[in-house]
S.K.: 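Sending over a structure as structure tokens; questions will come in a sec.
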Amino acid sequence: MGGDVKSSAGIFAFHGKRESLSPSVERITWERIMNFLDFALTCERLERISGRIEMTQQLSDVLSRLDGDDLRHFVHFVTGKIFPDWSPFKLGIGPNLLYDAITLIVDATRADVIGEINRRGDVGLAVQSILEQKKVGKKSQKGSTIQTALFSRQLDIGSVYDDLERCARLEGRSSQSEKLSIIQNLFQNASPLEAKYLARLLMEDLRIGVGEGTMRDAIALAFSVDPTLVEHAYQALNDLGEVAVLAKRGREALADVHILPFHPVKMMLAQQGSIEQAVAENGAVAAEYKYDGSRFQFHKKGKISRIYSRKLEEVTTALPEVVEILNRATTHDVILDGEVIAIKEGKPLPFQTVLRRFRRKYDIEAMQKEVMMQPYVFDILYLDGTTLIDLPLRERRMHLESALTSCIAPQTVSADISTLEETYRRSLEDGHEGLMLKILSSPYTPGIRGKNWLKIKPGVDTMDLAVIGAEWGEGKRAHVFGSFLLACQDQGDLLAVGKVATGFSEEQLLEVYDILKDHVISESGKEVSLEPFLVFEVGYSEIQASPNYESGYALRFPRFIRMRDDKGISDIETLEGIRERFGRQSSQKTG
């Protein structure tokens with residue numbers, strides 16, 4: 001994008017050659033609207049920064065000059081999201097639709113577009129290069145190219161958001177062609193630099209390293225508020241954009257946040273541990289069965305009830321009997337956290353049976369007759385207008401027992417190791433997955449994985465990792481992917497931690513291929529790069545330090561356990577968590 005960058009009527013005004021632009025934001029002129037070009041230039045500067053402190057400062061400078069919807073949209077966009085996690089909107093645009101949109105506005109074939117993406121290994125850089133080098137036009141439905149004027153409208157982040165929300169709202173047979181038209185129009189009006197970050201945003205992988213932690217710190221710095229207030233507000237609202245808007249209003253607005261019905265929050269997470277460790281560090285703990293089902297969040301206010309999956313997607317219509325059971329169990333307005341399992345002839349069925357119900361859109365009545373669904377509720381976040389997450393577990397449990405007449409998960413409170421081991425044994429004998437140990441004094445911390453909840457399971461250690469790449473198989477597996485590149489998360493980045501190629505049946509490889517085939521971003525030889533959205537649970541014998549992967553670690557003897565399509569990328573193992581596991585493993589070897 002050479003030459004002059006013209007001053008816009010937006011929030012920034014840049015002058016001079018693009019090559020001379022300073023990373024500093026001190027000379028930016030701020031006005032009301034943030035143009036998408038300004039957003040792209042901000043991303044470009046952030047992408048050059050390696051230090052978190054400098055990135056936080058740069059972000060805070062931008063945030064402090066934004067307001068209203070622009071502030072909200074900027075926070076979402078720069079963290080690689082279009083909608084907040086609680087939102088029911090899903091964009092539904094994969095790599096293939098993006099490739100088609102680019103092909104329609106340049107004098108090139110689809111093979112040319114895919115070839116450039118394969119060469120670059122980055123959809124954003126490839127799209128930028130294509131628009132810089134190719135003659136730009138608009139193709140008719142018959143394939144002929146009609147020359148059109150670029151930049152018929154100037155993009156701003158508000159109008160880009162509006163277009164993407166329109167995409168998310170589209171349904172029905174014609175929705176894909178309508179989405180294609182919207183995306184094509186956006187690229188038609190985008191400069192090459194804007195197109196780079198627009199393409200990445202559509203894949204929800206901005207690649208500039210701005211994670212939730214960095215954004216939380218930047219919001220606190222921009223509006224001179226306590227970072228713990230920002231953290232707490234984010235836990236309650238599950239929307240960093242809205243948190244930024246409140247922070248700009250001041251400390252009082254930020255402090256006065258509450259969990260709201262039908263606005264789901266992230267679920268509290270557990271890390272691996274042991275009974276001996278838990279008792280040694282805490283004395284008496286609460287022990288509950290670890291169910292091999294799917295987490296749910298049940299919201300009820302008045303006569304309206306809805307149920308959400310672990311990924312915060314509404315699944316009310318897929319689980320009507322679970323909603324009915326929970327409605328009968330309480331007359332209160334509540335938000336409940338629990339797990340639903342499938343039961344047949346009194347015994348729990350495998351996890352995949354539950355997932356089939358969560359995915360089901362048709363013939364639900366027939367499935368209800370075939371398999372019984374049983375909810376177990378183990379926490380309460382909201383009761384009759386009061387947010388409860390800051391209360392200790394022992395108090396939340398009392399509220400839970402007063403609000404529900406049934407469906408409460410059994411709990412044993414003890415400091416006696418033998419008693420807890422007996423509870424663990426009974427859980428396994430009853431067909432469940434293991435044991436949960438919870439600290440009685442702990443608050444409910446949405447989205448946080450820590451020592452307040454520990455999971456105890458037999459067998460190999462496992463972790464949940466994102467699938468970011470694959471290799472084509474060989475021999476009879478040549479038509480499907482035979483191995484998969486896995487990644488953990490670290491402050492907004494996905495870092496490779498190894499490959500898995502064992503543990504799959506032929507049917508599972510076919511199923512995984514069907515899920516991933518339309519999400520290939522680039523291909524080089526036998527290797528493919530994939531849009532990150534699918535999560536695998538993987539077993540391993542130990543963690544090793546390794547220079548071969550970006551994370552610095554590798555899994556020894558990794559083995560596929562199961563797909564976790566009830567989990568999103570935000571639920572996968574963190575680099576910090578892997579470091580902690582590696583440290584515990586090392587101390588056990590030397591102990």
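Computation of the quantities below employed the complete heavy-atom set of this structure, encompassing side-chain atoms and omitting hydrogens, waters and symmetry-equivalent molecules. Position 1 is the first residue of the sequence; numbering continues from there.
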S.K.: A quick test of your reading: do over 12 heavy atoms of other residues, nucleotides or ligands sit less than 6.0 Å from NZ of K457?
M.R.: yes
S.K.: Within this structure, what is the CG-NZ distance for the pair D566 and K311, rounded to the nearest 0.5 Å?
M.R.: 8.0 Å
S.K.: May I ask you to decide whether R72 forms a salt bridge with E242, counting only side-chain N to carboxylate O separations under 4.0 Å?
M.R.: yes
S.K.: For residues P532 and I569, report the shortest heavy-atom separation together with the two atoms involved.
M.R.: O-CG1, 3.7 Å
S.K.: Between R120 (side chain) and S522 (backbone), is there a donor-acceptor pair under 3.5 Å?
M.R.: no
S.K.: Under the rule for ring-ring contact (aromatic ring centres under 6.0 Å, His included), what residues qualify as partners of F298, not counting sequence neighbours?
M.R.: none
S.K.: Can you see whether H263 engages D239 through a side-chain donor-acceptor pair at a distance of less than 3.5 angstrom?
M.R.: no
S.K.: Scan side-chain atoms only and decide if E576 and T574 contain a donor-acceptor pair under the 3.5 Å cut-off.
M.R.: no
S.K.: So which pairs with a foot in residues 521-531 pass salt bridge (Lys or Arg N to Asp or Glu O under 4.0 Å), sequence neighbours left out?
M.R.: E474-K526
S.K.: Which heavy atom of G539 sits nearest to which heavy atom of I561, and what is that distance?
M.R.: N-CG1, 3.4 Å
S.K.: In terms of ring plane angle, is the pair Y308 and H299 parallel, tilted or perpendicular, where the classes change at 30° and 60°?
M.R.: perpendicular
S.K.: Between F89 and F83, what is the ring plane arrangement, given parallel below 30°, perpendicular above 60°, and tilted in between?
M.R.: tilted
S.K.: Just checking, any donor-acceptor pair under 3.5 angstrom between side chains of Y197 and E47?
M.R.: yes
S.K.: Kindly say whether D205 contributes a backbone atom to a donor-acceptor pair with the side chain of R200 at under 3.5 angstrom?
M.R.: no
S.K.: Taking D493 for the side chain and L495 for the main chain, is one N or O donor matched with an acceptor at less than 3.5 Å?
M.R.: no
S.K.: Would you call K290-E339 a salt bridge at under 4.0 Å N-O?
M.R.: no
S.K.: Among side-chain atoms of N118 and S524, is any donor-acceptor pair under 3.5 angstrom?
M.R.: no
S.K.: Under the salt bridge (Lys or Arg N to Asp or Glu O under 4.0 Å) definition, can you give me all pairs with a residue in residues 260-271, not counting sequence neighbours?
M.R.: D85-K266, E212-K266
S.K.: Only counting residues at least two apart or in another chain, list the ones meeting salt bridge (Lys or Arg N to Asp or Glu O under 4.0 Å) with E506.
M.R.: R477
S.K.: Taking all non-hydrogen atoms of both residues into account, name the closest pair between F557 and S541 and its distance.
M.R.: CD1-OG, 3.3 Å
S.K.: With Y444, which of D337, T387, D390 fulfils side chain to side chain donor-acceptor pair (under 3.5 Å)?
M.R.: D337
S.K.: Between T79 and V75 (side chain of the first, backbone of the second, donor and acceptor by atom type, cut-off under 3.5 Å), is there such a pair?
M.R.: yes
S.K.: Return the minimal non-hydrogen interatomic distance between E288 and F378, and the atom names on each side.
M.R.: OE1-CB, 3.4 Å
S.K.: When you compare the side chain of T445 with that of Q235, does any pair of heavy atoms fall below 4.5 Å?
M.R.: yes
S.K.: For a quick test of reading the model, state the closest non-hydrogen atom pair linking V467 to L486 and the distance between them.
M.R.: CG2-CD2, 4.1 Å
S.K.: Using atom types as modelled and distance alone, determine if a side-chain donor or acceptor of D571 lies under 3.5 Å from a backbone N or O of G568.
M.R.: yes
S.K.: Would you call the rings of F481 and Y513 parallel, tilted or perpendicular, taking 30° and 60° as the class edges?
M.R.: perpendicular
S.K.: Once you measure the plane-to-plane angle for F504 and F560, does it fall in the parallel (<30°), tilted (30-60°) or perpendicular (>60°) bin?
M.R.: parallel
S.K.: A cation-pi test, strictly: NZ or CZ of K567 under 6.0 Å from the centre of the six-membered ring of F536 and no more than 45 degrees from its axis. Yes or no?
M.R.: no
S.K.: Between V279 and L420, which heavy-atom pair has the shortest distance, and what is it?
M.R.: CG2-CD1, 3.5 Å
S.K.: Kindly indicate whether the side chain of I275, heavy atoms from C-beta on, has any atom under 4.5 Å from the side chain of L437.
M.R.: yes
S.K.: Between R426 and E429, does any side-chain N to carboxylate O distance fall below 4.0 Å?
M.R.: no
S.K.: Sequence neighbours excluded, which residues qualify as ring-ring contact (aromatic ring centres under 6.0 Å, His included) partners of H399?
M.R.: none
S.K.: Taking only residues at least two apart or on different chains, which pairs with a member in residues 543-563 satisfy salt bridge (Lys or Arg N to Asp or Glu O under 4.0 Å)?
M.R.: D292-R562, E433-R562, E537-R562, E542-R556
S.K.: Distance only, no hydrogens: is a donor on one side chain within 3.5 Å (strictly under) of an acceptor on the other, for R581 and Y540?
M.R.: yes
S.K.: Do the side chains of R425 and E421 get close enough for a salt bridge, i.e. N-O under 4.0 angstrom?
M.R.: no
S.K.: Under a 4.5 Å cut-off applied to non-hydrogen side-chain atoms, are Q297 and I335 in contact?
M.R.: yes
